[in-house]
**Q** 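Got a structure for you, questions after.
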Amino acid sequence: MLQTHPSPPSDFIREIIEEHIKTNRFQGLVATRFPPEPNGYLHIGHAKSVCLNFGIAAQYGGTCNLRMDDTDPSGETREYVDSIIRDVKWLGFDWQNRLFYASDYYEQLYQFAVHLIETGKAYVCSLSAEEIREHRGTLTEPGQESPYRNRSVEENLDLFKRMRAGEFEDGAHVLRARIDMGSPNITLRDPVLYRIKRTPHYRVGMKWCIYPMYDFAHCLSDSIEKITHSICTLEFENNRPLYDWLLDELKVEYHPQQIEFARLNLSYTVLSKRRLIELVEGGYVNGWDDPRMPTLAGMRRRGYTPGAIQNFCERIGVAKNDSIIDMALLDHCVREDLNERAKRVMGVLRPLRLVIDNYPEGKVEALECPHHPQNPGMGSRETPFSKILYIEQDDFHENPPKKYNRLGPGREVRLRYGYIIKYASMVKDERTGEIAEVHCTYDPKTKNSSPPDGRKVEGVVHWVSAEHSLPAEVRLYERLFNVPNPLGEKEDFLKFLNPKSLETISTCRVETSLKDATPGSRYQFERLGYFCVDLKDSSPGRPVFNRIVTLRDSWVKVSGVK
RNA sequence: UGGGGUGUCGUCAAGCGGUAAGACACAGGUCUUUGGAACCUGGACUCGGAGGUUCGAAUCCUCCCACCCCAGCCA
């Protein structure tokens, strides 16, 4: 048995936290939060953050809140909130009664803004968006102060109150922090704190027509929730001085420590909300839960287990290097998990009729097949064996190539958990020349046992009984893109979509025991891979299986084809 | 040309002045009624580059180079 968790994970964030605990900063407490904006579905990149935040909280006996960072009414919906809740829960984390919304803090945030105005640290600016941009300066030149920068406190208070009251059109005024237009850090050049947006909010409706910006809402939400460690991604590093400035100016009681880490990138896919929306809206995939999508909804439908994803998030580590994780690691984590828990069954993707000439007509034997060869505790099932079977087309070759350990003229192979069979003849379709049927003889003395004479056979082949097997549809998934870094290419990322990312085979045959397979259940089809009964499209009489991941296959390396 | 970050095996990632962990991938092998799983073996003569400090540097200092982020009334 492999020890997957020899020691709790350690990384620079946990080092900082341990130092804080040691020095009694935050009274030794640890409180984190996962703060998604409900304007899209969660993906594997979010999973890294979820696992980090909830994982740290659990490790140090602290808490982790789930907070909807809903400060921009355009694009945020209840549907996204629901999907986020569903996905975080599915991933295996529990925020208990600590589900919060930035929109619940609007009144408090407003009061904080008023306070900032009163202390002369914020002002209402009536420049247009373009004018503000022009005044902001460039990377190398300082900005210009707004002509409205020195309005009186009274005027600012009055204007801000009227902004809230809905007296102005969108864009007429904004509230700005009064910091430093000459700062080399552009974030500090009098950042906008509030904007007027007469857009209905999915939770508070038309109650507000001014909405706080991220920088204002986030640090204060953290403070309100008494967060100790506000963990976010690298692109917010420039914003940390503003985060601290606001909390310092407002003299809040709780001043969390923001810590930034590198977001996850995965090879052969994209993890940007915008790109994923493009894939969905452009019809390149079948929705957010398309099994090819790196969304948690898609991965769940594909059959990935929460445990595999958690393990993956742990193994990739946490650091500040921009990096692209090899998809092979995710595949590995999924196989590692499924290898242990998935029951083995037999299914034939592309059936080839196989007749056992010397097997009695009409005879049916129930062959005992273990659910897991290495784990007898998982039990077994009986699978019917009869004269006419299906084997995989790939498992017979008229002219076997070198190192091909399967059936061919003159050869013997083992039928998994059944008999050794010997090639007798084949029947070809007269018109197409394709092999329509293979005939063999079986050795009755080899039923799930070694031959008395000790002879070796070519290999082992999976099969199903023609009469007893069930028709099934199988969807074979491969990587969505055929280049490692679709967004790093010169051309548009859509050009690199893998046309073979989905192959549907509707003529598969699976063993009888799958008759009552429940949607969402996962199996290993021996020699092929791991498959999951589709949550949406599978029905009792017509099972649909999604291929989660193939088994590692050393034959593809030997043969050089695929 | 401003500021903030980052550079250790193909991909991640430990390392915190004492002489390069581990994982995935890869290669070879053992075993095998899954060409699966498991198990063994192999690999950075070197840490972006160049100098310097030191008995000793991936770790400290200096300079240089590359890449990422910032000029939304997005987050």
Side-chain angles (χ1 to χ4, degrees), chain A residues 2 6 10-11 15 35-37 39 69 71-72 74-75 125 127-130 132-143 170-176 183-189 191-197 210-211 213-215 217-218 232-241 260 262 267 273-274 312 315-333 335-336 339-340 344 346 372-374 403-406 413-418 420 446 448-450 457 459-462 484 524-529 550-559:
Chain A
L2 185 78
S10 176
D11 51 67
E15 273 177 20
E37 183 190 12
N39 68 348
D69 207 0
T71 58
D72 181 356
S74 42
C125 179
L127 254 23
S128 69
E130 302 87 278
I132 286 182
R133 178 161 25 85
E134 286 159 11
H135 280 72
R136 188 147 32 221
T138 67
L139 295 180
T140 51
E141 306 156 23
D170 286 15
H173 309 280
V174 292
L175 183 74
R176 289 230 251 171
S183 173
N185 180 351
I186 294 176
T187 307
L188 263 15
R189 319 240 264 229
V192 172
L193 267 21
Y194 268 88
R195 75 286 213 184
I196 301 171
K197 228 174 203 187
I210 57 172
Y211 292 94
M213 298 286 290
Y214 164 84
D215 286 306
H218 204 91
C232 63
T233 45
L234 248 29
E235 66 269 27
F236 292 104
E237 227 154 7
N238 294 325
N239 300 49
R240 178 154 33 97
E260 311 85 9
S267 63
K273 219 179 260 186
R274 225 193 97 217
F312 170 76
R315 305 212 340 188
I316 56 179
V318 180
K320 298 187 74 159
N321 305 339
D322 283 319
S323 60
I324 301 180
I325 306 288
D326 194 337
M327 181 68 97
L329 180 60
L330 216 206
D331 289 345
H332 168 81
C333 291
R335 290 193 189 105
E336 184 178 58
N339 175 50
E340 238 172 83
R344 269 102 244 240
M346 288 194 282
H372 191 126
Q374 274 76 45
K403 297 186 178 174
Y404 181 82
N405 301 332
R406 309 179 200 179
V413 296
R414 152 90 50 195
L415 291 173
R416 180 71 162 158
Y417 301 129
I420 287 177
T446 59
N448 202 10
S449 63
S450 299
V457 297
V460 181
V461 148
H462 61 276
Q524 184 196 97
F525 286 11
E526 292 217 34
R527 303 213 302 137
L528 296 177
T550 62
L551 253 27
R552 290 188 69 212
D553 184 356
S554 50
W555 170 242
V556 304
K557 285 169 198 163
V558 175
S559 68

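Order of the sequence lines fixes the chain letters, A, B, ..., with proteins taken first and strands second; residue numbering starts at 1 for each chain.
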**Q** Need one value for A/L528: base, sugar-phosphate or nothing, where a base atom within 4.0 Å counts as base even if backbone is also close, heavy atoms only.
**A** nothing
**Q** Within the pair A/K197 and B/C74, is there a side-chain N or O less than 4.0 Å away from OP1 or OP2?
**A**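 For A/K197, the contact criterion (side-chain N or O under 4.0 Å from OP1 or OP2 of B/C74) is met.
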**Q** To the side chain of A/H332, which of B/U34, B/C24, B/C73 is closest?
**A** B/C24
**Q** Report yes if the side chains of A/R335 and A/T550 come closer than 4.5 Å at any heavy-atom pair, otherwise no.
**A** yes
**Q** Of the nucleotides B/C12, B/A71, B/C26, which has the atom closest to the A/S323 side chain?
**A** B/C12
**Q** Please confirm whether the shortest side-chain N or O distance from A/K320 to OP1 or OP2 of B/G4 is below 4.0 Å.
**A**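 No.
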**Q** Does either side chain, that of A/N185 or that of A/T187, offer a donor lying less than 3.5 Å from an acceptor on the other one?
**A**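 Side chains of A/N185 and A/T187: pair found under 3.5 Å.
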**Q** Within this structure, what is the OH-to-C1' distance between A/Y211 and B/A75, rounded to whole angstrom?
**A** 16 Å
**Q** Under 4.0 Å between any heavy atoms, over every strand shown, what does A/V460 touch: base, sugar-phosphate, or nothing? Just pick one.
**A**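 It contacts sugar-phosphate atoms only.
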**Q** Rounded to whole Å, please give me the gap between NE2 in A/H135 and P in B/G72.
**A** 15 Å
**Q** Would you kindly give the CD1-to-P distance between A/I132 and B/C73, to the nearest whole Å?
**A** 6 Å
**Q** Side-chain contact test, heavy atoms from C-beta onward, threshold under 4.5 Å: evaluate it for A/W555 versus A/R406 and give yes or no.
**A**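 A/W555 vs A/R406: side chains touch.
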**Q** I want to verify a distance call: between B/U34, B/A71, B/A25, whose nearest atom is closest to the A/R552 side chain?
**A**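 Out of B/U34, B/A71, B/A25, the nucleotide with an atom closest to A/R552's side chain is B/A25.
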**Q** Return the value, rounded to whole Å, for the distance between atom CG of A/D331 and atom P of B/G36.
**A**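 In whole Å, B/G36 P lies 16 Å from A/D331 CG.
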**Q** Would you kindly give the OH-to-C1' distance between A/Y214 and B/C70, to the nearest whole Å?
**A** 14 Å
**Q** Across all strands, who's sitting opposite B/C31 as a Watson-Crick or G-U wobble pair, both distances under 3.5 Å?
**A**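 Across any shown strand, B/C31 pairs with none.
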**Q** Could you identify the nucleotide paired to B/A58, looking across every strand shown and requiring Watson-Crick or G-U wobble geometry with both distances under 3.5 Å?
**A**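 In the structure as shown, B/A58 has no Watson-Crick or wobble partner.
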**Q** Could you tell me how far B/G4 sits from B/A71 if I compare only their C1' atoms? Round to whole Å.
**A** 14 Å
**Q** Kindly indicate whether the side chain of A/I196, heavy atoms from C-beta on, has any atom under 4.5 Å from the side chain of A/Y211.
**A**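 No, every pair of side-chain atoms sits at 4.5 Å or beyond.
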**Q** Does a side-chain N or O from A/N239 land closer than 4.0 Å to OP1 or OP2 of B/C70, or not?
**A** no
**Q** Enter syn or anti for the glycosidic conformation of B/G72, syn applying to angles within 90° of 0.
**A**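 Base orientation relative to the sugar is syn.
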**Q** Kindly indicate whether the side chain of A/L188, heavy atoms from C-beta on, has any atom under 4.5 Å from the side chain of A/P241.
**A**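 When only atoms from C-beta onward are counted, A/P241 and A/L188 do touch, with a gap below 4.5 Å.
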**Q** Does A/N185 make a side-chain N or O approach to OP1 or OP2 of B/G4 shorter than 4.0 Å?
**A** no
**Q** Tell me what A/R133 touches on the nucleic acid: a base, only sugar-phosphate, or nothing, going by heavy atoms under 4.0 Å.
**A**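 If one applies the 4.0 Å heavy-atom cut-off, A/R133 turns out to touch the sugar-phosphate alone, with no base involved.
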**Q** Below 4.0 angstrom from OP1 or OP2 of B/U34, is there any side-chain N or O of A/R335?
**A**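 For A/R335, the contact criterion (side-chain N or O under 4.0 Å from OP1 or OP2 of B/U34) is not met.
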**Q** Salt bridge (charged side-chain N to carboxylate O under 4.0 Å, His left out) for A/R136 and A/E141? Distances and angles first, verdict last.
**A** CA-CA 9 Å; A/R136 188 147 32 221; A/E141 306 156 23; over 6 Å; no
**Q** Looking for any heavy atom pair under 4.0 Å, which part of the strands does A/P373 touch: base, sugar-phosphate only, or nothing?
**A** base
**Q** Decide yes or no for A/I420 and A/L415: does some side-chain heavy atom of the first lie under 4.5 Å from some side-chain heavy atom of the second?
**A** no
**Q** Starting at CD of A/E526 and ending at P of B/U32, how long is that distance when rounded to a whole Å?
**A** 17 Å
**Q** For A/I325, which contact category applies under a 4.0 Å heavy-atom criterion: base, sugar-phosphate, or nothing?
**A** sugar-phosphate
**Q** Please give the distance between the P atoms of B/G7 and B/C12 as a whole number of Å.
**A** 12 Å
**Q** Using a heavy-atom cut-off of under 4.0 Å over every strand shown, decide if A/D322 touches base, sugar-phosphate, or nothing.
**A** sugar-phosphate
**Q** With sugar-phosphate meaning primed atoms plus P, OP1 and OP2, does A/G171 contact a base, only sugar-phosphate, or nothing at under 4.0 Å between heavy atoms?
**A**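 Answer is base: heavy atoms of A/G171 come under 4.0 Å of a base.
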**Q** P atom, B/A37 versus B/C45: distance in rounded Å?
**A**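 Their P atoms lie roughly 30 Å apart.
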**Q** A/L330 CG to B/C12 P: how many Å, rounded?
**A** 15 Å
**Q** What is the nucleic acid contact for A/D69, judged by heavy atoms within less than 4.0 Å: base, sugar-phosphate only, or nothing?
**A**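 The answer is sugar-phosphate, as A/D69 gets under 4.0 Å only of primed atoms, P, OP1 or OP2.
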**Q** Under the 3.5 Å rule, do the base of B/C16 and the side chain of A/E15 count as making a donor-acceptor pair?
**A**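 Yes, the side chain and the base share a sub-3.5 Å donor-acceptor pair.
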**Q** Among B/C70, B/U34, B/G2, which is the nearest nucleotide to the side chain of A/T140?
**A**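 Ranking B/C70, B/U34, B/G2 by closest atom to the A/T140 side chain puts B/G2 first.
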**Q** By the 4.0 Å heavy-atom rule, please label A/Q524 as base, sugar-phosphate, or nothing.
**A**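 Base, at least one base atom sits under 4.0 Å.
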**Q** Verify the contact: side-chain N or O of A/R136 to OP1 or OP2 of B/C73, cut-off strictly under 4.0 Å; return yes or no.
**A** yes
**Q** Say we look at B/G29 and B/C69: how far apart would their P atoms be, to the nearest angstrom?
**A** 45 Å
**Q** Identify whether any heavy atom of A/V318 sits under 4.0 Å from a base atom; if not, whether one sits that close to sugar-phosphate; answer base, sugar-phosphate or nothing.
**A** sugar-phosphate
**Q** Report yes or no: is there a donor-acceptor pair, N or O only, under 3.5 Å between the side chain of A/E237 and the base of B/G3?
**A** no
**Q** Any Lys/Arg nitrogen of A/D72 or A/K197 sitting under 4.0 Å from an Asp/Glu carboxylate oxygen of the other?
**A**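 Looking at A/K197 together with A/D72, the answer is yes, because their closest N to O distance falls below 4.0 Å.
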**Q** If we call it a pair only when both distances are under 3.5 Å in a Watson-Crick or G-U wobble match, what pairs with B/A66?
**A**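 Pairing partner, where one exists within any strand: B/U6.
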**Q** Could you check whether any side-chain N or O of A/R552 sits under 3.5 Å from a backbone N or O of A/H332, counting only pairs where one atom can act as donor and the other as acceptor?
**A**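 Checking the backbone N and O of A/H332 against the side chain of A/R552, no donor-acceptor pair under 3.5 Å is found.
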**Q** Please check the phosphate of B/U34 (OP1 and OP2 only) for any side-chain N or O of A/H462 closer than 4.0 Å.
**A**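 Looking at the OP1 and OP2 atoms of B/U34, neither is under 4.0 Å from any side-chain N or O of A/H462.
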**Q** Name the nucleic acid region contacted by A/R406, choosing base, sugar-phosphate or nothing; use a 4.0 angstrom heavy-atom cut-off, strictly under.
**A**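 The answer is base, as A/R406 lies within the cut-off (heavy atoms under 4.0 Å) of a base atom.
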**Q** The side chain of A/L139 is closest to which nucleotide in this list: B/A23, B/A71, B/U34?
**A** B/A71
**Q** Between the side-chain atoms of A/N321 and the base atoms of B/G7, is any donor-acceptor pair under 3.5 Å?
**A**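 No, the side chain and the base share no sub-3.5 Å donor-acceptor pair.
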**Q** Under 4.0 Å, heavy atoms only, any strand: does A/R344 hit a base, just the sugar-phosphate, or nothing?
**A**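 A/R344: base contact, heavy atoms under 4.0 Å.
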**Q** Taking O4'-C1'-N9-C4 for purines and O4'-C1'-N1-C2 for pyrimidines, is B/C63 syn (within 90° of 0) or anti?
**A**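 Anti conformation for B/C63.
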**Q** Which part of the nucleic acid, if any, lies within reach of A/A319 when heavy atoms closer than 4.0 Å are counted: base, sugar-phosphate only, or nothing?
**A** sugar-phosphate
**Q** Quantified in whole Å, what is the P atom distance between nucleotide B/G72 and nucleotide B/C16?
**A** 43 Å
**Q** Report yes if a side-chain nitrogen or oxygen of A/T71 is closer than 4.0 Å to either non-bridging phosphate oxygen (OP1 or OP2) of B/A75; otherwise report no.
**A**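 Result: yes.
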**Q** Using Watson-Crick or G-U wobble geometry with both distances below 3.5 Å, tell me the partner of B/G36, or none.
**A** none
**Q** Distance criterion of 3.5 Å, no angle test: do you see the side chain of A/N238 paired donor-to-acceptor with the base of B/C69?
**A**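 Answer is yes: a donor-acceptor pair is held.
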**Q** Decide yes or no for A/R176 and A/L193: does some side-chain heavy atom of the first lie under 4.5 Å from some side-chain heavy atom of the second?
**A**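 No, too far: nothing below the 4.5 Å cut-off.
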**Q** Describe the nucleic acid contact of A/F236 in one word from base, sugar-phosphate, nothing, applying a heavy-atom distance below 4.0 Å.
**A** base
**Q** Between B/U53 and B/U62, how many Å separate the two C1' atoms, rounded to a whole number?
**A** 11 Å
**Q** Could you tell me how far apart A/E340 (CD) and B/U34 (C1') are, to the nearest whole angstrom?
**A**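 Rounding to the nearest Å, CD of A/E340 and C1' of B/U34 are 17 Å apart.
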**Q** Give none if B/G43 has no partner; otherwise give the nucleotide forming a Watson-Crick or G-U wobble pair with it, both distances under 3.5 Å.
**A**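 Looking at the geometry, B/G43 pairs with no nucleotide.
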**Q** If you assign each of A/S450 and A/H173 to its closest nucleotide in RNA chain B, which residue comes earlier from the 5' end?
**A**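 Closest to the 5' end, via its nearest nucleotide, is A/S450.
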**Q** Select from A/R195 and A/T446 the residue whose nearest nucleotide in RNA chain B is closer to the 5' end of that strand.
**A**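 Looking at RNA chain B, the more 5' nearest nucleotide goes with A/T446.
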